[in-house]
Structure formats: structure tokens, C-alpha cells
Chemist: 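Input: one structure, supplied below.
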There are 2 protein chains.
Amino acid sequence: MPYTYAYPRPALTVDCILFGYDEGDLKLLLVERGSEPFKGRWALPGGFVQRNETLGDAALRELAEETGVGKVYLEQLYTFGDLDRDPRGHTVSVAYFALVRPDGFTLQASTDAAAAKWFLLRKTPPLAFDHKKIVETAVERLKGKVRYQPIGFELLPKKFTLSQLQQLYEAVLETEIDKRNFRKKILSMSILKPLGEYEAGAANRPAQLYQFDRKKYDAATKSGFLFEL
Amino acid sequence: MPYTYAYPRPALTVDCILFGYDEGDLKLLLVERGSEPFKGRWALPGGFVQRNETLGDAALRELAEETGVGKVYLEQLYTFGDLDRDPRGHTVSVAYFALVRPDGFTLQASTDAAAAKWFLLRKTPPLAFDHKKIVETAVERLKGKVRYQPIGFELLPKKFTLSQLQQLYEAVLETEIDKRNFRKKILSMSILKPLGEYEAGAANRPAQLYQFDRKKYDAATKSGFLFEL
DNA sequence: CCAAAAGTGTTCTCCATACACCCATGC
DNA sequence: GCATGGGTGTATGGAGAACACTTTTGG
């Protein structure tokens, strides 16, 4: 059955917010637009949903096409439908977001994107469309999510120190956290496996490396455990 | 500028989940479909987003058209885009939900809806499309929301007793709550105004009536107060 | 030996929980 | 006077918050 346009339809797009964390800084993945509107501006990777394509599939496809990033776990954020958000006309966009380790991917722009690049989250250039608003919404969501879900483990390398984990939380929540209390809390959940290995090369006492223990976390979650910081 | 159909577009709809609370029971507002597909089945009020119409506007319009319910505060829930959710073809739906007092509205079906009716939430008939899934998602959201936002005040009459408030929480969370602890907690937030008036007509000691003090709540919220049960 | 970050315990306060009886009213 | 729901206080345990010094390494 061919598409029938019984009613005029808004266009439907998806946009991806990818947060990364690297050396103490939160980062955001942006692409430089290669075509109008907003040619030359930076924007969130995204584009039109194709016929018989799932929203999540569309988001993954656009992300891969425009940045080379693949196989990430995308979570739906919010749907934006302001009438003036796209100069081409009524366009509704479903936003997705994900948390990744930037060094796990090689960026590769193509199709509509002239370039793809990580920016410091607190130092992003002016964005196309209403993407500033979308990013703000995503940051709020991230701040909320961090409190009851162990996001740290998606943003850090597989092996990490407790100080790195703490710094991440401080960066996301924009607060300071007491070292002893933080360690006590995190370790008491016993979802971290101490590796007995130690960080090397620093001009100070080397820190023990830990690993996220997903098995224990999943088991604990099922039996009513609630991660909370 | 006329609509240009450069790409085939999925259709875009909105659906509304209205939760009500009445005499100890959570209710859900449904409409009986007056046309195909699913003619005669019960479904969430909703329909196509029109040209140059905001998502929220579309939801309010469909709600008013199909049920007569107007002027409610709708909150976006989630966007559903499974390929097989509508037999007419690829249709994406943005779901909104709201909390209301059923007795505040007179139901009035029209346009696509043959009837509009409140159902017990735990006893809903088979639903059209993927509306069962949508309702389940909304219930989860409601359970989460109730813990950190004073939803009670939207679902109860303006003047209510503490027992009514407690029953509401028990109904939503599907648990039992200790009476004394509940009262202590709620009253300690001082967002309830005791009215010095009393319930009448019961075969027992009359309960004091309270009112939600929005001014105090808004003020407290701004200065970092967090409602939590 | 100095700089730099790792690592470690205790005290106090507050909040959540558990729990049982008297009170006011209508019939 | 009895049935029904309204209303109240206290004791205990556990978790969060505050807080300072020693340890290990590289240079």
C-alpha cells in the first residue's frame, strides 16, 4: 500500500545527543552542517526518519552516517515540536541521547555532515535549529539520571580509579563531594570489583583500579536494589 | 510556502492518557472509536497532528473534540514509533498525560469518538493500536512522579482529608502506608493549609479538611526544597 | 625531602520505621 | 453503646554529613 497523504503531515526527524567524558571534562558530539539550512553551523547529528523505519533505527543510522559512531545504547529523551524550530517548515524531532567514551570511536563525517567533532559541553558553539534547547533538556536529564543509575560506567574506561569516578560525578552534578563518604557509599553497594591492579606513571601513590560488576548490578537491581547517590 | 513532500513521511499523531481519581480508585479516560481501524474498540483519545499545529495543541484539541475535556495540564510522556502499531501504515504517536478530577468535567464525545467514559485503571477493556503499552508506560511514569511531585493535589478535590490523600498514594503506589508516619511527613512539609473545617455526614469522627498551599509549595521549590515521599 | 594524590574511621544528627490507644460522631 | 474512621507520640536503628591525618610514589 502506497503512502496516502490524506492530511498534510509535519516532517519527522531524529536528533542524537552524545555525551562523552574525557580527562575530567564532559563533552558533546556535534557535526558541522554541510547543507542548508544552517550550512556551516554546528548541530546535533540527526535527520529525517525514513519510510518504515523505527525511531531508534533512524537515530542510529543518522548517527553512523554523520559521525561514524555506531552501536551505542540510545535512550529517548523528548520530542520537540515548536512550529518555528525548522525554517523549512513544520518539523517535529524526536531526540535521543547516549553516554559513551569518546576514545572508543573514530569520528568520520559523511552525507550531510562536513565534519564531526567533540566539544566541551560548557563551551559549545552556537547551534542550528533549536538544538541549544535540546541540549539543555538533555543535560537536565543527565543530572537526574546520574542519581539513580550508574552512568559512570558507560562514560569511563573499563578500568578506572575511584577518584576518576568521583570526578565524573562532580563534573556532571557540578558540585563537590566528600572523598570518604563517596567511597563508602559506592563500595557499600558492592557493584565494583577491585582488580588488585594499580595505575602507573603518576607522580604520586598509585590508585587501585576497579571495574564495574554488571552481573552483581543486574542481580541487585532485580531484587529491588536502588542505586542512589 | 506549501508543504513539499521530498521524502515519504510517517504520519504523526498524539494520544492522551488522562488519569482520574475518584472514591479510592484510579481511573482512565477512554473513547470508543467511531471509525476504522478498530471501530467499536476503546482507545486513548487522540488523532493526527495538523499542519502548523504544536504537539501540545494537537493533544488538547483532540482531547476536547473526543471527550469534551478542556484546559488540563498535559505533560509529554513518550513517543511511540513501532512500525506495526497502526494498520494504516507507519504512524508515530507522541503521548501526553494528565492528572485530573473526573468530577470536574462533563464528558461529551464527538468527531471520531462514539463515546467517552472513565474506566477503572485496573479493569480496562482491550484497547486499540498499541495503547495498552502506552498506558503501561504512563502508569510507570505516574508511579515515579508521585514520589517527588505532589500529584495528589491535582487528583483530589480542593478540600480533602489526610486520609483521602493517603488512600490516593496507596492506590497509586499499590502499597500500604503507616498513617502516623504519612501525616508526620506530609505536615512537616507545610504545604498543606488546615482549614479548620470538617467533613460532614460520616458515621464517625469528622476529619479536618486541608487545602494545598501552592504559594508555599512554589516558594519552597524555588529554594531547593524537594518533595519526596 | 617535597609535592601530589591515595587511602582510611569516627562522631553526630536526622529521618524513616515500627507500633497502640483514645476520640468524636451517627445510628 | 457500638461501630467506624480520625487523630496522636515515642523509641530505635541506619544512613548521610562533617571532618584530618598517614601512606605511597616520582622527581
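Lettering follows sequence order; numbering is per chain, from 1. As the structure is a computational prediction, the values presented were derived from the model and not from experiment.
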Chemist: Any donor-acceptor pair under 3.5 Å joining the side chain of B/Arg205 to the base of D/dA3?
Modeler: no

Chemist: Would you call the rings of A/Trp42 and A/Phe119 parallel, tilted or perpendicular, where under 30° means parallel and over 60° means perpendicular?
Modeler: perpendicular

Chemist: Please confirm whether any donor atom in the side chain of A/Arg180 sits under 3.5 Å from an acceptor in the base of D/dA20, or the reverse.
Modeler: yes

Chemist: So B/Ser163, base contact, sugar-phosphate only, or nothing? Heavy-atom distance under 4.0 Å.
Modeler: sugar-phosphate

Chemist: What nucleic acid atoms does B/Gln208 come within less than 4.0 Å of, heavy atoms only: base, sugar-phosphate, or nothing?
Modeler: sugar-phosphate

Chemist: Of the nucleotides D/dT8, D/dA17, D/dA20, which one has an atom closest to the side chain of A/Asn181?
Modeler: D/dA17

Chemist: Starting at CG of B/Leu187 and ending at P of D/dG6, how long is that distance when rounded to a whole Å?
Modeler: 14 Å

Chemist: Among the candidates D/dG6, D/dT4, D/dT25, find the nucleotide nearest to the side-chain atoms of B/Asn204.
Modeler: D/dT4

Chemist: Any Lys/Arg nitrogen of A/Lys117 or A/Glu32 sitting under 4.0 Å from an Asp/Glu carboxylate oxygen of the other?
Modeler: no

Chemist: Within the supplied structure, the quantity of interest is the number of heavy atoms (other residues, nucleotides, ligands) at a distance under 6.0 Å from A/Gln108 CD; does it exceed 12?
Modeler: no

Chemist: Within this structure, what is the CD1-to-C1' distance between A/Ile177 and C/dA5, rounded to whole angstrom?
Modeler: 17 Å

Chemist: Any donor-acceptor pair under 3.5 Å between the side chain of B/Lys184 and the base of D/dT10?
Modeler: yes

Chemist: Could A/Lys133 and A/Asp82 be called an ion pair, given the rule that one side-chain N must be under 4.0 Å from one carboxylate O?
Modeler: yes

Chemist: Please work out if A/Lys185 contacts a base, only the sugar-phosphate, or nothing of the nucleic acid, heavy-atom cut-off 4.0 Å.
Modeler: sugar-phosphate

